[in-house]
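Structure record follows, encoded as structure tokens.
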Amino acid sequence: MPRKSTPPASTSENPDFYYPSRDVVRKAHVKDWEKLRKKALDDPLAFWEERAKELDWYKPWTKVLEDSKAPFYEWFVGGKTNVILNALDRHMRDARKNKLALIWEGENGDQVTMSYYRLRQEVNKFANVLKSMGVRKGDRVTIYMGRIPELIIAMLATVKIGAVHSVVYGGFSTEALAERIEDARSRVLVTCDGAWLRGKTVNLKEIANEAVGRSGYVEHVITVQRTGQDVEMVTGRDYWYHDLMALPIASPKCETEQMDAEDPMFILYTSGTTGRPKGVLHTHGGYQVHISATLKYVFDMKDEDRWWCAADPGWITGHSYIVYGPLILGATSFMYEGGPDYPYPDRWWKMVEEYGITIMYTAPTAIRGLMRFGESWPERHDISSLRLLGTVGEPINPEAWRWYHRVIGRGECPIMDTWWQTETGGHMITPLPSAPLKPGSGTKPFPGVDMDVVRDDGSSCGPNEEGRLVIKNPWPGMLRTVYGDPDRYIEQYWSFFKEQGWYMTGDSAKKDEDGYFWIIGRLDDVIKVAGYRLGTAEVESALVSHPAVSEAAVIGVPDEVKGNVIHAFCILTAGAGKPGEDALKKHVRSEMGPIAVPAHIEFVDSLPKTRSGKIMRRVLRARAMGEDEGDLSTLAD
Ligand code: WTA
């Protein structure tokens with residue numbers, strides 16, 4: 001096992017650690033991780049204010065943090081800005097103007113490259129198109145697309161004019177999309193005809209049409225042509241993107257709307273403990289400070305880097321680290337449309353070589369999936385351009401970490417295991433390149449962030465004792481509320497440790513004797529399937545919307561590649577014939593999307609419930625895994 005054995009002089013030799021090479025440390029933005037952490041924790045507001053000063057503002061703030069209405073915190077109060085001012089406009093005044101902002105490769109080999117100047121032109125044009133459709137400051141625009149450059153253009157254009165985007169991941173299906181359109185009350189939907197995935201096209205426009213029919217808010221649908229497949233266009237409602245962009249109204253001149261630091265910027269729906277997905281709301285001022293600071297320090301972004309975040313823009317990782325973070329830093333970002341193993345399992349490594357990617361950020365499930373194909377696939381390519389690696393979304397098992405480190409990172413690239421959430425906006429627990437690493441641990445909180453693992457009474461857990469992961473102080477990228485439901489914001493995140501005023505993450509974790517954090521998993525009804533966040537309630541409601549299913553309960557069971565897969569228990573409707581397992585899976589796929597399809601479906605006569613009617617998932621989990629069901633004294637019957 002190649003292991004960098006050049007610890008900084010101050011650190012004693014410890015076989016648990018992987019130390020960064022002197023070269024990595026010498027070149028890093030932050031050379032002494034612990035020193036910066038200590039300094040920032042002594043005065044977090046000063047730390048964040050310094051980061052905010054690295055950005056452009058139309059008008060500076062008068063107060064860094066307003067906490068008198070906590071947990072409705074406000075950051076950079078009185079400041080005027082717009083994320084687009086920093087992501088595009090400010091780059092026009094120097095050489096970045098002609099630098100590549102985006103390199104894109106389609107699954108079928110199509111390529112697009114865009115300089116900052118060109119990207120800004122396209123964004124301005126589409127911003128004018130949106131305005132001509134009546135979109136105004138504060139209006140919500142829903143975006144449902146594959147991973148293509150126009151997705152980024154649509155997001156940026158929306159934010160530029162002060163509107164609020166709600167991007168719905170292209171892997172979601174009809175009901176999931178309809179529900180999100182409805183909650184956001186979007187009058188405009190931007191979509192595409194189809195998307196390429198593993199050599200086939202997914203018919204996004206058809207799903208969009210059905211969802212628009214179900215939700216009843218959308219007045220205009222703008223469709224980007226990607227696959228060229230036949231789609232149904234409704235006269236008076238539907239327009240082609242390329243037609244609109246060719247009209248005189250699509251002028252490349254457009255003023256960026258000056259926003260209050262606390263004005264809404266986007267909503268992103270995510271699964272929570274109960275019921276419908278929550279619209280997590282982020283704002284202009286704090287969000288841009290948080291994501292640009294974390295991207296710069298954690299991934300050590302330099303002007304000459306080629307950055308690849310292999311997530312989807314439809315999730316928070318894509319929002320923060322494909323779209324906004326890299327653009328604010330003026331970086332060159334790579335985005336790829338399709339499947340990682342298409343047409344062969346070396347597709348990713350081929351592109352790393354071809355584009356000279358220097359920093360790569362992906363999810364454990366992708367690493368485990370590619371690891372299964374063996375080392376010969378990455379070995380076919382010269383991927384020595386890589387200097388730093390990252391992972392996000394779920395705990396990474398040490399075996400996958402070591403493979404990633406040794407085979408992809410040549411034993412030389414530090415791995416940044418970043419823990420965070422849709423709600424946190426950006427990284428919260430993460431190493432910086434100068435930190436000693438332990439495979440499977442995200443190390444410690446980012447500078448300025450105070451976190452702990454605590455017991456239910458709020459006392460700190462001892463070393464290696466499992467407890468609740470909490471965030472003890474506010475941070476600029478924090479969600480501001482649940483869209484349209486402030487009570488749920490308080491209830492979900494701030495009620496458990498109300499007295500202490502801590503944010504409850506919903507994760508369980510441990511801290512070891514070195515103070516390193518180890519994430520165990522979710523404590524609530526959220527399941528992480530291949531890194532995707534799903535709520536049990538959503539999957540269950542997709543199952544019971546099938547006429548033959550009267551009740552359903554789903555749980556996550558461990559899976560070697562995906563982390564977890566869904567195991568569903570269903571009760572048949574009286575008198576209904578038993579549907580085939582495949583028919584039921586197909587139904588879930590068309591309601592929720594492929595990521596929500598259960599791996600196993602089991603028909604049962606009853607579900608274990610407490611006397612108050614709550615499903616005992618613990619009992620189901622034991623049953624699915626063939627384990628002892630434990631204490632059943634609270635079971636209703
Ligand atoms: C999990 C993704 C372990 C965690 C950015 C969290 C992780 C949830 C890690 C949020 C990690 C994320 N190690 N677990 N490095 N990163 N998680 O909102 O359970 O899709 O609460 O945000 O993913 O998922 P979300």
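When a ligand or atom number is given, it counts from 1 through the structure's own listing order. Keep in mind that this is a model prediction, so the values were computed, not measured. For this chain, numbers begin at 1 and follow the sequence in order. No hydrogens, no waters, no symmetry mates; every other heavy atom, side chains included, goes into these values.
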Who passes side-chain contact (heavy atoms from CB on, under 4.5 Å) against [X], sequence neighbours left out?
| X | result |
| --- | --- |
| Glu262 | Glu74, Trp75, Thr283, Arg480 |
| Val164 | Arg140, Pro264, Ile267 |
| Phe497 | Val454, Arg468, Val470, Gln500, Trp502, Met504 |

Residues Lys278 and Asp183 bridged, charged N to O under 4.0 Å: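 Salt bridge: no.
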
Run the salt-bridge test on Asp457 and Arg455 with the 4.0 Å N-O cut-off and return the result as yes or no.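 No, no charged N to carboxylate O under 4.0 Å.
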
Taking non-hydrogen atoms within less than 4.0 Å of ligand 1, which protein residues qualify?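 For ligand 1, the residues that come within the 4.0 Å heavy-atom cutoff are Ile316, Thr317, Val392, Gly393, Glu394, Pro395, Asp417, Thr418, Trp419, Trp420, Gln421, Thr422, Asp507, Ile519, Arg522, Lys528, Arg533.
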
Other residues, nucleotides and ligands only: do more than 12 of their heavy atoms fall within 6.0 Å of CD on Glu560?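 Atom CD in Glu560 is not packed in, count stays at 12 or less.
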
